[in-house]
Amino acid sequence: MENFNPEIVANNLNTKIVGRNILYFPSVTSTNDIAKEKARLKAPEGTVIIAGEQTAGKGRLGRVWTSPKGTLAYSVVLYPSIKQLPFLIMIASVSVVRAIKSITGIASEIKWPNDVLINGKKVCGILIENSLRGNKVDYSVIGIGLNVSTNLKDNPELSNAANLVEESGHGVDSPSLICRLLTEIDNLYVGLSDGRAVFHEWRDNLVTLGRQVRAVSGDVVYEGIAESLGFDGSLFIRQKDGKLVQVTQGDVTLRG
Ligand code: BTN
């Protein structure tokens, strides 16, 4: 998100935790890497790193995340308890669904665990990185990459992706969008309680349940119907042989 003025966002934010400290970098390797560095130096909880562009954006499962200008790339530093940890992917994806709806009117969906789709095409990816010491969380970084006006045609890796401007048919005001995104993360994180409310909202926005899926988790591939969810965010798949398998992380392709 180029030519971004963090002061406009900071002045319009009314959050309790998220966005108390906003740092903007025109060009960085990865906002997650900067956020982790800040977290190690005990940056205030809710510190947000926003990039004009990332030169080495990181995706889930060790992949590269293409993040040219027009993509909103940001990371949030949090210090959750170990109990809150499983809900961060839900908070992150639900915050994006809520903000897209509020700013553009578009209803988006979540593909397990936390890709956000519009009309079946990925508009947003989320990478959460945690540092744990035994049973204690040192810090968590929620990294979000949202295609706003990203040039999809000139990036072959983005041929199946969506961006907000094309999907909505009009321009998107970046400061309003980022304010909404940060406000929604704040509302969900501050109001997390036992996690039930965000779990239900996440589940209700998932496109995955009831669908025929192919899940790749490490070296193992599971195929079947995505039947249900664990409260920890895991996915239960009913295989052809009738066996129910639990997938805690990985990638899911929707079939049919
Ligand atoms: C994925 O879908 O694989 C996750 C993509 C996450 C991309 C975001 S952009 C901001 C933050 N910084 C990174 O290097 N990655 C995340």
Side-chain angles (χ1 to χ4, degrees), residues 1-2 4 6 9 18-19 22-40 43 46-78 88-97 99-100 108-118 120-131 139-152 155 157-164 174 177-178 181-182 185 202 206-208 215-218 233 235 249-254:
M1 192 52 47
E2 62 273 42
F4 178 81
V9 171
V18 177
I22 301 180
L23 305 171
Y24 174 71
F25 297 87
S27 180
V28 285
T29 49
S30 151
T31 54
N32 266 31
D33 286 349
I34 309 287
K36 287 194 287 181
E37 213 174 281
K38 300 286 177 198
R40 282 192 284 267
T47 293
V48 175
I49 311 294
I50 302 177
E53 67 171 343
Q54 296 184 112
T55 54
K58 298 185 299 182
R60 288 175 60 237
L61 311 170
R63 287 189 289 242
V64 168
W65 172 261
T66 308
S67 183
K69 294 187 173 82
T71 299
L72 176 55
Y74 61 105
S75 299
V76 182
V77 175
L78 295 175
L88 295 189
I89 58 162
M90 305 174 198
I91 289 176
S93 48
V94 168
S95 74
V96 173
V97 169
I100 290 178
S108 53
E109 299 172 307
I110 302 168
K111 181 165 78 74
W112 187 91
N114 57 9
D115 284 348
V116 180
L117 314 181
I118 296 178
K121 295 173 291 180
K122 182 160 165 174
V123 71
C124 171
I126 296 167
L127 173 68
I128 298 184
E129 296 187 83
N130 302 311
S131 169
Y139 61 79
S140 290
V141 165
I142 296 182
I144 300 182
L146 176 58
N147 298 330
V148 181
S149 57
T150 318
N151 182 338
L152 306 172
N155 290 294
E157 315 93 278
L158 299 178
S159 58
N160 279 327
N163 78 28
L164 291 183
S174 308
L177 177 64
I178 185 87
L181 288 160
L182 298 182
I185 295 195
W202 175 70
L206 274 183
V207 67
T208 314
V216 181
S217 182
L235 180 68
Q249 58 173 339
D251 233 5
V252 159
T253 317
L254 302 172

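In listed order, ligands and their atoms are each counted from 1.
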Worksheet entry | T71 side-chain N/O to A73 backbone N/O, donor-acceptor pair under 3.5 Å | no

Worksheet item: Is there a side-chain contact between T31 and Y74, using heavy atoms and a 4.5 Å cut-off?
Response: no

Practice prompt. Would you please determine whether G57 falls within less than 4.0 Å of ligand 1 on a heavy-atom basis?
Written response: yes

Worksheet entry | Top protein contact for atom 2 (O) of ligand 1, by heavy-atom distance | K122 NZ, 2.6 Å

Discussion item. For R63 and D251: C-alpha separation, side-chain torsions, deciding distance, then whether side-chain contact (heavy atoms from CB on, under 4.5 Å) applies.
Written reply: CA-CA 12 Å; R63 287 189 289 242; D251 233 5; 2.7 Å; yes

Worksheet item: Looking at side-chain heavy atoms only, is the closest gap between E53 and S27 below 4.5 Å?
Response: yes

Worksheet item: Are I34 and L23 close enough that some pair of their side-chain heavy atoms sits under 4.5 Å apart?
Response: no

Discussion item. Give the atom numbers and elements of ligand 1 that come within less than 4.0 Å of a heavy atom of L127.
Written reply: 6 (C)

Practice prompt. State, yes or no, whether a side-chain contact exists between L164 and L146 at a heavy-atom distance under 4.5 Å.
Written response: yes

Item to complete: Would you mind telling me if ligand 1 is within reach of the side chain of T71, the backbone, both or neither, using heavy atoms under 4.0 Å?
Response: neither

Item to complete: Check each atom of ligand 1 against the heavy atoms of D115 and keep those under 4.0 Å away; list them by number with element.
Response: 2 (O)

Discussion item. Can you name the atoms of ligand 1, numbered from 1 with element, that are less than 4.0 Å from a heavy atom of Y74?
Written reply: 10 (C)

Worksheet entry | For ligand 1, the portion of I126 having any non-hydrogen atom under 4.0 Å away | backbone

Worksheet item: Does A92 offer a backbone N or O that forms a donor-acceptor pair with the side chain of W202 under 3.5 Å?
Response: no

Practice prompt. For G59, take its heavy atoms, then give the atoms of ligand 1 lying under 4.0 Å from any of them.
Written response: 1 (C), 3 (O), 4 (C), 5 (C)

Discussion item. For A35, is there any backbone N or O sitting under 3.5 Å from a side-chain donor or acceptor partner on S75?
Written reply: no

Item to complete: Might you point out which heavy atoms bring Q54 and S67 nearest each other, and give the distance in Å?
Response: NE2-OG, 3.0 Å

Worksheet entry | Nearest-neighbour protein heavy atom for atom 1 (C) of ligand 1, which is reported as residue plus atom name and distance | R60 N, 3.5 Å

Response to the item:
The closest protein heavy-atom partner of atom 5 (C) of ligand 1 is W65 CE3, 3.3 Å

Practice prompt. Report the nearest protein non-hydrogen atom to atom 9 (S) of ligand 1: residue, atom name, distance rounded to 0.1 Å.
Written response: Q54 NE2, 3.3 Å

Worksheet entry | Enumerated ligand 1 atoms positioned under 4.0 Å from heavy atoms of S75 | 11 (C)

Practice prompt. Give, for atom CG of N160 and atom CG of L117, the distance between the pair rounded to the nearest 0.5 Å.
Written response: 11.0 Å

Item to complete: Distance to 0.1 Å, residue and atom name: give those for the protein heavy atom nearest to atom 15 (N) of ligand 1.
Response: K58 O, 2.7 Å

Response to the item:
If you scan protein heavy atoms around atom 10 (C) of ligand 1, the nearest is T31 OG1, 3.2 Å

Worksheet item: Hey, is A51 touching ligand 1 through its side chain, its backbone, both or neither, going by heavy atoms under 4.0 Å?
Response: neither

